[in-house]
Every structure is written in C-alpha cells, then in structure tokens.
Amino acid sequence: MQTKILSMGKKALKASRELSLLDSDTKNKILLAMAAEIEDRKEQIQGENKKDLIAGKENGLTNAMLDRLELTDTRISDMCIAIREVAGLPDPVGEI
C-alpha cells in the first residue's frame with residue numbers, strides 16, 4: 001500500500017510539472033472538462049465511494065470521519081462549482 005501511494009505521489013508531481021507548462025486557456029479547458037467528467041460519472045464515483053465507506057467502517061473509522069469522506073450529491077456539486085471557479089481565476093503560474 002505504501003509503495004502504491006508513493007507511486008501515485010510521484011506521478012502527481014510529474015503531472016503537476018507538465019501542467020505548469022501549459023498555457024492558461026488549455027489549463028482552464030482541462031479544469032472545465034474535469035468538472036463535466038465528475039458530473040457525468042457521479043453515480044460511478046458514488047458507487048466506489050460507498051465501497052470505500054464500507055471498508056472504512058470495517059477498519060474502525062469514526063462516524064465523523066466517514067461523514068467527511070462521503071461523497072453526497074451536494075459535495076460532488078460543490079466540487080464541480082469550485083473547479084469551475086478555479087478555472088475563472090487568473091493563472092498564478094509565473095507570478096510572484
């Protein structure tokens with residue numbers, strides 16, 4: 001598990017460096033596509049989230065932690081709104 005997480009972190013770091021080289025318009029298109037994809041796959045995401053919640057409960061996570069991890073319709077909607085808001089912000093790359 002630790003190796004898998006480390007590998008995911010390394011891939012994320014590599015991707016972040018590649019994304020930082022893109023122009024603002026391309027990054028914003030990617031963000032908007034992400035939000036649309038999350039909305040399109042909401043049921044699939046929630047199905048997988050339910051499996052994670054069951055595993056979390058079986059592994060002793062508290063009800064408060066399980067509540068924080070649950071991807072409700074509202075939370076998914078809020079994520080998509082926030083992603084779209086980020087797309088509307090000025091690009092901070094290269095700014096001091």
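If you chain together hydrophobic residues whose side chains sit under 4.5 Å apart, Ile81 and Leu32 never meet in one group. Hydrophobic clustering keeps Leu31 apart from Val93 (ILVMFWY residues linked when any side-chain heavy atoms are closer than 4.5 Å, directly or through intermediates). Leu19 and Val86 end up in the same hydrophobic cluster when Ile, Leu, Val, Met, Phe, Trp and Tyr side chains are linked at under 4.5 Å.
One N or O on the side chain of Ser16 and one on the backbone of Leu13 form a donor-acceptor pair closer than 3.5 Å. Formation of a donor-acceptor pair under 3.5 Å by the Asn59 side chain with backbone atoms of Ala55 is found in this model.
Side-chain contact between Leu71 and Lys50 is absent, with no heavy atoms from C-beta onward closer than 4.5 Å. Annotation: side chain of Asp91 is not in contact with side chain of Asn28 (no heavy-atom distance under 4.5 Å). For the pair Leu69 and Leu61, the minimum side-chain heavy-atom distance is below 4.5 Å.
With respect to Arg84 and Glu39, a salt bridge is recorded, a charged nitrogen being found less than 4.0 Å from a carboxylate O. Taking the charged nitrogens against the carboxylate oxygens, Lys27 and Asp23 have no contact shorter than 4.0 Å, which rules out a salt bridge.
With a 4.5 Å cut-off between side-chain heavy atoms of Ile, Leu, Val, Met, Phe, Trp and Tyr, the cluster of Ile96 takes in none.
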Ile30 and Leu22: CA distance, side-chain angles, deciding distance, side chain to side chain contact (heavy atoms under 4.5 Å, CB included) verdict: CA-CA 10 Å; Ile30 291 169; Leu22 299 176; 3.7 Å; yes
Stepwise side chain to side chain contact (heavy atoms under 4.5 Å, CB included) test for Ile54 and Lys51: CA-CA 5 Å; Ile54 291 168; Lys51 293 177 190 177; 5.7 Å; no
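Residues that satisfy the salt bridge (charged side-chain N to carboxylate O under 4.0 Å, His left out) test with Lys14, not counting sequence neighbours, are Glu18. The salt bridge (charged side-chain N to carboxylate O under 4.0 Å, His left out) test applied to Lys57 returns no partner, not counting sequence neighbours.
Within 6.0 Å of CZ in Arg75 there are more than 12 heavy atoms belonging to other residues, nucleotides or ligands.
Here CG of Asp78 is found 9.5 Å from CD of Glu85. Values are rounded to the nearest 0.5 Å. For the atom pair Ile76 CD1 and Glu70 CD, the distance stands at 9.5 Å (nearest 0.5 Å). To the nearest 0.5 Å, the span separating OG1 on Thr72 from NZ on Lys42 amounts to 9.5 Å. A distance of 4.5 Å separates CE of Met34 from CD1 of Ile83, quoted to the nearest 0.5 Å.
The two residues Ala35 and Cys80 come nearest to each other via the heavy atoms O-SG, 3.4 Å.
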